Amino acid sequence: MENYVTGTDKISDLPDDSLTHILSYLSTKEAVQTCIFSKRWRSTWTSLPVLRFDYGNFVPEATKRKHKESMVKFVKFVRGVLQNRERLLSLDTFEFCGHAPQDPCYCADLFSSECILLALKFNPLAFSVCACRQVILDCIEPIFTCASLESISLECASVSPDAKFLDLTAVNLPHLKLLELHSANVDDNFFKILLSGCPVLEELKLCYCILHASLLSSEALTSLVLKCCSFQNKLVISTPNLVHIDIYHAQSDGVRLSMETMRSLRAARIQCLTVHVNDTVKCSKGLLNLHVSSTFGISAHTLKSDQRKVTRNGFPNCSNFKNLTSLQLGCSDLSHLFNSIPLFLHKSPNLEKLSLQVFPKNIWLNTKEKSIEEEWRDAKSKYEKWRDALLQLKHLEVVEIVNCNERMEIVNKLVEELSSFLKSTEIKIVIVQTSK
């Protein structure tokens with residue numbers, strides 16, 4: 001006689017809150033499909049605390065005709081979920097991605113604005129939209145006046161300098177703590193209105209944005225990230241409570257940033273085409289962790305009557321980085337890298353870790369390719385200056401060399417020289433391998 005195992009549906013016996021919590025880890029399309037499991041599951045999706053809509057789940061590999069059909073199905077599905085949602089329930093998270101992963105040009109722009117506005121009626125806490133630029137522009141005012149929001153992420157396609165600015169006329173976001181913008185064109189008026197309406201904004205992240213602004217001032221900000229942004233003006237950042245700043249892959253030739261009154265700063269990374277450190281790292285006494293890297297060069301200077309004065313003993317107008325324990329410097333040119341190191345070492349008496357990275361040569365630079373011997377010969381005098389300065393750092397424990405595959409020979413030469421020089425000390429040399 002055959003034995004049959006009778007299964008019991010223990011998941012369906014869970015309380016509603018537990019069921020909806022489990023379903024919130026799925027995409028909304030997958031969560032809605034669970035309604036076929038049993039009567040118990042039939043309407044569970046109407047009370048989901050998290051809604052995730054991704055146009056990529058609706059687009060087959062695509063002809064234009066299929067794209068249009070998929071766009072209609074996607075928007076109809078989003079609208080149907082929102083219209084059938086229980087009205088009295090608040091919404092924790094709303095995520096809407098209207099771009100097809102196979103081709104960002106395929107965008108579900110038809111009625112997308114309507115769907116986004118419907119979602120705002122449920123007073124969400126976290127709000128994320130990836131859509132066509134016009135869709136986001138159409139919804140800017142309702143999004144930035146939705147008082148329930150605690151975090152916002154807005155992303156659209158690439159931006160050009162002549163693209164329309166994000167135009168804010170009013171902002172009412174009393175609970176917003178995190179704002180992330182991708183591919184936006186912003187000016188001083190944007191920052192002024194934004195920060196006046198976000199009294200508790202702690203984290204601001206701008207990616208691939210074009211910044212026409214000259215001032216970013218906030219008492220509340222604790223974290224600022226500027227990724228792959230283009231600076232059209234010198235940007236003064238006045239944020240006395242900032243703890244972390246990260247400026248990397250800046251798309252400008254010679255970014256100059258005055259970071260004033262940053263008494264709370266603990267960690268900073270600055271990575272640009274050219275870094276002028278006297279403007280960039282100004283009176284940040286509390287720094288614990290600093291990373292400065294550049295493609296073309298790192299220099300410290302002040303400008304006076306169009307005359308450049310290069311300093312040799314650190315930053316002329318900057319107090320010591322007494323709390324700085326970790327410093328990372330990177331550059332594609334060995335001479336520029338070695339030239340920058342003393343500028344920091346003279347101001348960092350308590351440094352414990354120094355990390356150096358030689359980037360791959362920039363293929364866009366029209367310069368003659370040097371042999372390893374020539375590159376080392378040109379940089380040797382600068383090397384000897386900062387090498388001797390290492391022995392003055394009483395707390396230094398580690399010199400880390402980041403070994404990029406494309407610069408392996410020159411990095412090995414540096415490791416060989418340092419190993420010989422530091423063999424009688426307790427300073428360790430650590431090699432970190434990277435493919436970048």
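This structure is a prediction, so every number in the text was calculated from the model and none was measured.
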Side chain to side chain contact (heavy atoms under 4.5 Å, CB included) between Val81 and Arg85, worked out: CA-CA 6 Å; Val81 170; Arg85 180 179 170 79; 5.7 Å; no
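- Ring geometry for Trp376 versus Tyr383: interplanar angle of 30 to 60°, hence tilted.
- The closest donor-acceptor contact from the side chain of Asn339 to the backbone of Ser335 lies at 3.5 Å or more, if one exists at all.
- Side-chain contact, Asp188 with His212: no donor N or O sits under 3.5 Å from an acceptor N or O.
- Side-chain atoms of Pro124 and Cys146, non-hydrogen and from C-beta on, do get closer than 4.5 Å to each other.
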Candidate pair Ile140 and Thr169, rule side chain to side chain contact (heavy atoms under 4.5 Å, CB included), full reasoning: CA-CA 10 Å; Ile140 279 292; Thr169 56; over 6 Å; no
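- When only modelled atom types and interatomic distance are considered, Glu416 and Asn412 share no side-chain donor-acceptor pair under 3.5 Å.
- Without hydrogens or angle criteria, Ser90 side chain to Asn123 main chain gives no donor-acceptor distance under 3.5 Å.
- Relative ring orientation between Phe96 and Phe74 is described as tilted, the plane-to-plane angle lying within the 30° to 60° band.
- With rounding to the nearest 0.5 Å, the separation of CG in Leu173 from CZ in Phe127 is 11.5 Å.
- Closest approach of Pro349 and His395 over heavy atoms only: O-CD2, 3.6 Å.
- Residues Val358 and Leu334 form a side-chain contact, since some pair of their non-hydrogen atoms from C-beta on lies under 4.5 Å apart.
- The shortest non-hydrogen separation linking Ser218 to Pro240 is O-CD, 3.5 Å.
- Taking SG from Cys207 and NE2 from His182, the interatomic distance works out to 4.0 Å, rounded to the nearest 0.5 Å.
- A salt bridge links Glu400 and Lys353; the closest N-O separation between the charged side-chain nitrogens and carboxylate oxygens is under 4.0 Å.
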Residue pair Leu418, Leu390: steps toward the side chain to side chain contact (heavy atoms under 4.5 Å, CB included) verdict: CA-CA 10 Å; Leu418 275 177; Leu390 290 179; 4.1 Å; yes
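- Crowding of Gln134 atom CD: a count of heavy atoms from other residues, nucleotides or ligands under 6.0 Å exceeding 12.
- Counting only distance, with no hydrogens or angles, the side chain of Arg52 and the backbone of Cys97 share no donor-acceptor pair below 3.5 Å.
- Nearest heavy atoms, Ser148 versus Leu125: O-CD2, 3.7 Å.
- Leu179 places a side-chain heavy atom less than 4.5 Å from the side chain of Leu181.
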Check against salt bridge (charged side-chain N to carboxylate O under 4.0 Å, His left out), Lys177 and Glu203: CA-CA 6 Å; Lys177 294 185 177 181; Glu203 298 180 54; over 6 Å; no
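- Listed by chain and residue number, Leu117, Leu120 satisfy the side-chain contact (heavy atoms from CB on, under 4.5 Å) test with Pro142 (two or more places apart in sequence, or in another chain).
- A distance of 13.0 Å separates CZ in Phe94 from CD1 in Ile152, rounded to the nearest 0.5 Å.
- A salt bridge does not link Lys428 to Glu397: none of the charged nitrogens lies less than 4.0 Å from a carboxylate oxygen.
- Here CG of Asn350 is found 9.0 Å from CG of Leu393. Values are rounded to the nearest 0.5 Å.
- The closest side-chain heavy-atom distance from Leu176 to Glu150 is not below 4.5 Å.
- Taking CD from Glu384 and CZ from Phe421, the interatomic distance works out to 9.5 Å, rounded to the nearest 0.5 Å.
- Asp92 has its side chain out of reach of Phe122: every pair of non-hydrogen atoms, C-beta onward, lies at least 4.5 Å apart.
- Side chain to side chain, Asn172 and Thr145 fail the donor-acceptor criterion of an N or O pair below 3.5 Å.
- Checking side-chain atoms of Thr239 against main-chain N and O of Asn241 turns up no donor-acceptor pair under 3.5 Å.
- Counting all heavy atoms, side chain and backbone alike, Gly98 lies closest to Tyr55 at O-CD2, 3.3 Å.
- Using modelled atom types, no side-chain atom of Ser348 and backbone atom of Leu351 make a donor-acceptor pair closer than 3.5 Å.
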Test side chain to side chain contact (heavy atoms under 4.5 Å, CB included) applied to Phe190 and Asn185, step by step: CA-CA 9 Å; Phe190 172 84; Asn185 216 354; over 6 Å; no
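- Residues Leu216 and Leu204 meet the side-chain proximity criterion, which asks for heavy atoms closer than 4.5 Å.
- In this structure, Arg133 contributes its side chain and Ser183 its backbone to a donor-acceptor pair below 3.5 Å.
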side-chain hydrogen bond (donor to acceptor under 3.5 Å, both in side chains) assessment of Gln232 paired with Ser230: CA-CA 6 Å; Gln232 303 300 302; Ser230 175; 2.8 Å; yes
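- In this structure, Val171 and Cys198 have side chains that are in contact, with non-hydrogen atoms separated by less than 4.5 Å.
- Of all heavy-atom pairs between Leu391 and Leu422, the closest is CD2-CD2, 4.2 Å.
- Atom-to-atom distance recorded for Ile210:CD1 and Cys229:SG is 9.5 Å, nearest 0.5 angstrom.
- Side-chain atoms of Leu337 and Leu329, non-hydrogen and from C-beta on, do get closer than 4.5 Å to each other.
- Of all heavy-atom pairs spanning Leu91 and Pro49, the tightest one is CD1-O, 3.4 Å.
- Pairs engaging residues 417-426 under the side-chain hydrogen bond (donor to acceptor under 3.5 Å, both in side chains) rule: Lys413-Glu417 [sequence neighbours left out].
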